[in-house]
Amino acid sequence: HVQLVESGGGSVQTGGTLRLSCSVSGYAENWWCMGWFRQAPGKERVGVAAFDADGTTSYAHSVQGRFTISLDKAKEGNSTLYLQMDNLKPEDTARYYCAAHGVCTGDNWKVVKYFTYWGKGTQVTVS
């Protein structure tokens, strides 16, 4: 049974920093593509960053240079996916979701329907 649980969200001022964590359990396959998405009120869920099985990372243009995705693969089936967010802007305000078992080739990592497993999200508010 795969579970993804996000944490680390909160309210910060413009220019502030947050580190999101996604605890992944029960994921005993060869990891595939994992990612962070965000959804602002009244808007579609969009890809923020992705981490492929070979360590390749991808970022949305809007967060390039400010956000960093990383994976701590503690042991098979359990790991933690991080999203370090620096120099936060009001437009980063959204609910952030962790996702696993997606497709990382090309721009496919941005496609919501390609990801099988999702967490419930954590709220980030920048004012």
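The first residue in the sequence is number 1, and the count goes up from there.
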Within 45 degrees of the axis of the six-membered ring of Y82 and under 6.0 Å from its centre: does R19 put its NZ or CZ there? yes

Could you tell me the separation between the CD atom of Q123 and the CZ atom of R95, rounded to the nearest 0.5 Å? 6.0 Å

Test side-chain hydrogen bond (donor to acceptor under 3.5 Å, both in side chains), reference R66, set D92, T17, N87, output is D92

I'd like to check V46 versus K110 (side-chain heavy atoms, cut-off strictly below 4.5 Å). Are they in contact? no

Please tell me if the side chains of Y59 and T68 come closer than 4.5 Å, counting only heavy atoms from C-beta onward. yes

Shortest non-hydrogen contact from N78 toward S25: OD1-CB, 3.3 Å

Short question: side chain of R45, backbone of A40 - any donor-acceptor pair under 3.5 Å? no

So do the side chains of S79 and L71 get within less than 4.5 Å of each other, counting heavy atoms only? yes

Start with the C-alpha gap between M34 and V24, add the side-chain angles, then the distance that decides, and say whether side chain to side chain contact (heavy atoms under 4.5 Å, CB included) holds. CA-CA 10 Å; M34 301 180 72; V24 183; 3.5 Å; yes

Walk me through it: do V124 and L20 pass the test side chain to side chain contact (heavy atoms under 4.5 Å, CB included)? CA-CA 9 Å; V124 171; L20 305 184; 4.0 Å; yes

Would you compute the distance between atom OG1 of T116 and atom CG of L4 and round it to the nearest 0.5 angstrom? 10.5 Å

Counting C-beta onward and ignoring hydrogens, is there a side-chain heavy-atom pair between V63 and R38 closer than 4.5 Å? yes

What are the two closest heavy atoms between A99 and F115, and how far apart are they? CB-CD2, 3.5 Å

Please find the pair of heavy atoms, one from F51 and one from L81, that lie closest to each other, and give the distance. CB-CD1, 4.2 Å

Under the 3.5 angstrom rule, does the side chain of E6 hit a backbone N or O of C98 as a donor-acceptor pair? yes

Mind checking the OH-CZ spacing from Y96 to F37? Nearest 0.5 Å is all I need. 13.0 Å

Between SG on residue C22 and CG on residue D72, distance to nearest 0.5 Å: 12.0 Å

When rounded to the nearest 0.5 angstrom, what is the spacing between CG in D52 and OG in S58? 7.5 Å

Would V126 and T14 count as a side chain to side chain contact (heavy atoms under 4.5 Å, CB included) if you check the C-alpha gap in whole Å, the side-chain angles of each, and the deciding distance to 0.1 Å? CA-CA 6 Å; V126 185; T14 298; 4.1 Å; yes

Please work out which of the three classes, parallel, tilted or perpendicular, describes the rings of Y97 and W118, given edges at 30° and 60°. perpendicular

Hey, could you give me the CZ/CG distance between F67 and D86, rounded to the nearest 0.5 Å? 8.5 Å

Honestly curious: do W36 and L18 fall in one hydrophobic cluster under the side-chain, below-4.5 Å linking rule? yes

Donor-acceptor pair, side chain of T93 and main chain of T125, under 3.5 angstrom: no

Any chance you could lay out the side chain to side chain contact (heavy atoms under 4.5 Å, CB included) test for Y114 and C33, step after step, and finish with the verdict? CA-CA 10 Å; Y114 288 165; C33 172; over 6 Å; no

